[in-house]
Trainee: 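Before we start, here is the structure in question, set down as structure tokens.
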There are 2 protein chains.
Amino acid sequence: MGKNPRRNIETLESTEGISKCILKNRLINSEEAEEIIQAIRIENHPKGSILLKEGEVAKDCYLLMKGCVRQYFLVDGVEKTTFFFVEEQGFSSFKSAAKGIPSDHFLECIEDCTLAVLSVQKELELYQKYPNFESLSRSGLEDQLGDYQEMLAKFITSKPEDRYLDLLENRPELINRIPQYQLASYLGVSPETLSRIRKRIFLKK
Amino acid sequence: MGKNPRRNIETLESTEGISKCILKNRLINSEEAEEIIQAIRIENHPKGSILLKEGEVAKDCYLLMKGCVRQYFLVDGVEKTTFFFVEEQGFSSFKSAAKGIPSDHFLECIEDCTLAVLSVQKELELYQKYPNFESLSRSGLEDQLGDYQEMLAKFITSKPEDRYLDLLENRPELINRIPQYQLASYLGVSPETLSRIRKRIFLKK
DNA sequence: GACTTTCATTGACGTTTGTCAAGAAAGAAA
DNA sequence: TTTCTTTCTTGACAAACGTCAATGAAAGTC
């Protein structure tokens with residue numbers, strides 16, 4: 001737990017990946033993409049390392065290229081998982097990064113991760129220089145906001161068992177990748193309850 | 001229910017309000033603000049009117065100047081409230097508006113409302129013309145995303161009673177403005193349970 | 001004022017969940 | 001393999017929640 005990240009020596013393949021990802025969007029031409037890629041650093045973090053601690057100010061935003069990152073809160077000494085980021089997802093601790101305030105949560109790599117990292121400062125510079133890049137970002141933010149609206153709505157309107165079934169249907173890969181006690185926390189129930197929910201579902205079939 | 005919106009004849013005061021709101025941000029100069037305000041229409045909607053129905057494609061984004069708007073889903077014939085927007089909040093059904101897909105929820109004015117309305121199409125034009133306006137929007141989206149991250153996290157990590165206490169502390173105005181059965185739905189419990197939670201809290205004091 | 005409608009409260013009862021504790025299963029390390 | 005650690009499962013019991021039904025209170029309508 002909490003080992004230091006090792007810088008990747010062979011970043012070529014990764015850089016190619018992110019280049020493709022950025023160029024997919026037609027707003028960005030190859031010249032602009034070039035400078036954006038220059039600003040991005042590729043980092044490899046082993047399983048168990050912490051990207052951001054509670055109390056720290058977030059300085060970077062991430063694009064996850066390989067692995068899985070968990071967002072969690074520490075409430076009365078208990079870890080409460082609130083999100084899992086997986087491949088091709090971009091994320092940042094917006095509240096902390098945008099306002100420069102300490103983060104209220106942790107970001108942990110729960111698998112060996114390869115991340116494209118862009119500093120918030122550099123990001124703002126690129127926005128100034130390339131309005132198209134800001135358009136790309138705004139559009140992405142709108143998508144993410146739509147996702148969050150949907151997730152919050154689902155969480156409010158459904159029961160734990162429904163949420164697990166929803167997970168089975170919409171993000172089945174998570175169920176095999178992630179320890180059950182973390183999934184339970186993410187569903188808002190205790191590990192024991194998730195175990196019983198799984199049993200109930202199994203018996204119904 | 002569902003009456004047509006009446007156009008406000010006296011929009012002067014409202015327009016002044018939104019002008020101030022936009023100019024507060026230093027990125028926008030008065031010339032830019034002028035054109036943005038031109039594109040905005042002020043609408044008055046009486047209590048009970050529906051801004052957006054399930055199945056419709058959202059074409060507008062809103063800035064709420066007076067009143068309260070409720071977002072809800074219809075699940076098995078039951079209304080499930082997922083959000084309340086109040087004064088000075090900007091909002092849109094992002095998923096529907098950004099992707100042009102039918103909305104999965106309703107937006108209802110639960111009080112007489114005054115709204116600044118901007119069409120998504122016009123919004124995109126203004127972004128093209130004024131990168132600063134897009135910056136303003138991106139920044140606002142980041143704030144909102146931060147809020148949603150926080151709300152989702154709170155919902156996952158807390159119990160209904162905690163959520164009600166949280167509401168009492170952070171949004172006390174909602175409790176007096178909003179019917180209890182809608183609040184209950186928003187907290188993810190039945191009206192009966194909210195009634196009992198209130199009783200429990202009252203007895204503890 | 002009398003009536004209707006809507007909303008909030010309360011009781012009863014079955015279901016679900018949290019917690020504590022014990023044991024089984026699966027992985028990791030020696 | 002054996003040992004150790006972590007994770008998952010199961011049981012028991014109390015607390016919380018959902019549902020159904022009845023009662024009260026408040027607001028709107030005629």
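No hydrogens, no waters, no symmetry mates; every other heavy atom, side chains included, goes into these values. Numbered from 1 within each chain, the chains take letters A, B, ... in sequence-line order. Keep in mind it's a predicted model, so treat the numbers as computed, not measured.
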Trainee: So what does B/Arg196 touch, heavy atoms closer than 4.0 Å: a base, only the sugar-phosphate, or nothing?
Mentor: base
Trainee: Spell out yes or no: do the side chain of B/Glu161 and the base of D/dC17 have one donor N/O and one acceptor N/O closer than 3.5 Å?
Mentor: no
Trainee: Identify which nucleotide among D/dT10, C/dG18, D/dG18 has an atom closest to any side-chain atom of A/Ser190, counting heavy atoms from C-beta outward.
Mentor: C/dG18
Trainee: Distance check needed: C/dT5 C1' versus B/Tyr181 OH, whole Å only.
Mentor: 12 Å
Trainee: Among C/dT16, D/dC17, C/dA21, which is the nearest nucleotide to the side chain of B/Ile197?
Mentor: D/dC17
Trainee: We want to know whether B/Thr114 and B/Asn44 form a side-chain donor-acceptor pair, criterion being a heavy-atom distance below 3.5 angstrom.
Mentor: yes
Trainee: For B/Pro191, which contact category applies under a 4.0 Å heavy-atom criterion: base, sugar-phosphate, or nothing?
Mentor: nothing
Trainee: Determine whether the aromatic ring centres of A/Phe83 and A/Tyr148 lie less than 6.0 Å apart.
Mentor: yes
Trainee: Looking at D/dT7, D/dT9, D/dG18, which one has an atom nearest to any side-chain atom of A/Gln180?
Mentor: D/dT9
Trainee: B/Asp162 has an atom CG; how far is it from atom C1' of C/dT17, in whole Å?
Mentor: 15 Å
Trainee: Can you find a side-chain donor-acceptor pair between B/Ser135 and A/Glu134 that sits under 3.5 Å?
Mentor: yes
Trainee: Please report, rounded to the nearest Å, how far the P atom of C/dT17 is from the CZ atom of A/Arg200.
Mentor: 5 Å
Trainee: Side chain of A/Lys199 only, please: which of C/dA8, D/dT10, D/dC17 is the nearest?
Mentor: D/dT10
Trainee: Could you work out which one of D/dT10, D/dT19, C/dT10 sits closest to the side chain of A/Lys159?
Mentor: D/dT19
Trainee: What's the closest nucleotide to the side chain of A/Pro179 if the choices are C/dG11, C/dA21, D/dC8?
Mentor: D/dC8
Trainee: Send over the distance from B/Ile175 CD1 to C/dA8 P, rounded to a whole Å.
Mentor: 13 Å
Trainee: Tell me if the side-chain of B/Glu192 makes a donor-acceptor pair with the base of D/dC20, cut-off 3.5 Å, by modelled atom types.
Mentor: yes
Trainee: Students often mix this up, so state it plainly: with edges at 30° and 60°, are the rings of A/Phe106 and A/Tyr72 parallel, tilted or perpendicular?
Mentor: parallel
